[in-house]
Amino acid sequence: MVAFAPSFVSLNILVIEKDRDLCHTFEQVLSHDGHTIRIATDLDGASRELEQSTFDLLFLNISSVIAVPAELISVLARHSGRHPEVVLVGEFIGRPDGALLHSYGSTVSLATPFGSIELRSAVARAYGPRYLENMKKKRTNEPAAD
């Protein structure tokens with residue numbers, strides 16, 4: 001097993017997944033890295049979670065949710081706060097094409113089955129650009145050093 005340092009930033013993550021084993025993997029790996037994990041098994045459950053919290057990242061197994069992309073986007077739009085970064089999860093043949101990712105408002109996918117390294121890599125690819133942008137904004141808003 002490759003050593004992996006816990007995350008230096010704690011994220012609030014929503015996982016929309018029906019498979020109990022995959023849910024367990026998400027919870028074990030991501031909570032070990034210091035993230036807060038909530039699990040929803042369907043779009044209604046996800047909607048309830050979104051009403052209660054603001055999420056940084058959303059893992060969506062498209063085979064667990066019988067919804068077209070517009071339904072997911074509609075659920076996200078009904079809730080205040082910033083939209084989470086979306087990672088599509090599923091059994092893709094090869095890699096999902098850009099049109100599929102874009103239709104769900106995503107740029108990152110995670111193919112099943114996956115291990116801890118692939119999961120952590122998906123978190124970094126999905127949230128890394130937002131983290132860097134936030135850091136850049138913080139630096140430009142700070143008062144100039146004397």
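Each residue takes its place number in the sequence, starting with 1.
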Can you tell if the side chain of [X] reaches within under 4.5 Å of the side chain of [Y], non-hydrogen atoms only?
X      : Y      : value
Thr107 : Leu101 : no
Ile16  : Asp42  : no
His35  : Asn12  : no
Phe59  : Val86  : no
Arg38  : Phe55  : yes
Leu50  : Leu14  : yes
Val123 : Leu30  : yes
Leu88  : Leu110 : no

[X] side chain to [Y] main-chain N or O, any donor-acceptor pair under 3.5 Å?
X      : Y     : answer
Ser31  : Glu27 : yes
Ser116 : Val29 : no
Gln52  : Glu49 : no
Thr25  : Asp21 : yes

Of all the heavy-atom pairs spanning [X] and [Y], show the shortest one and how long it is.
X      : Y      : value
Leu57  : Ala126 : CD1-CB, 3.6 Å
Gly45  : Ala40  : C-CB, 3.6 Å
Val108 : Ala122 : CG1-O, 4.0 Å

* Is the shortest distance from a Lys or Arg side-chain nitrogen in Arg120 or Asp33 to a carboxylate oxygen in the other one below 4.0 Å? -> yes

* Structure fact -> NE2 (His32) and CD1 (Ile37) are apart, to the nearest 0.5 Å, by 12.5 Å

* Structure fact -> To the nearest 0.5 Å, atom CD1 of Ile62 lies from atom OG of Ser103 at 8.0 Å

* **Centroid separation Phe114 to Phe26 less than 6.0 Å** => yes

* Asked: Of Thr41, Thr112, Asn61, which is the lone residue that meets side chain to side chain donor-acceptor pair (under 3.5 Å) with Glu17?
  -> Asn61

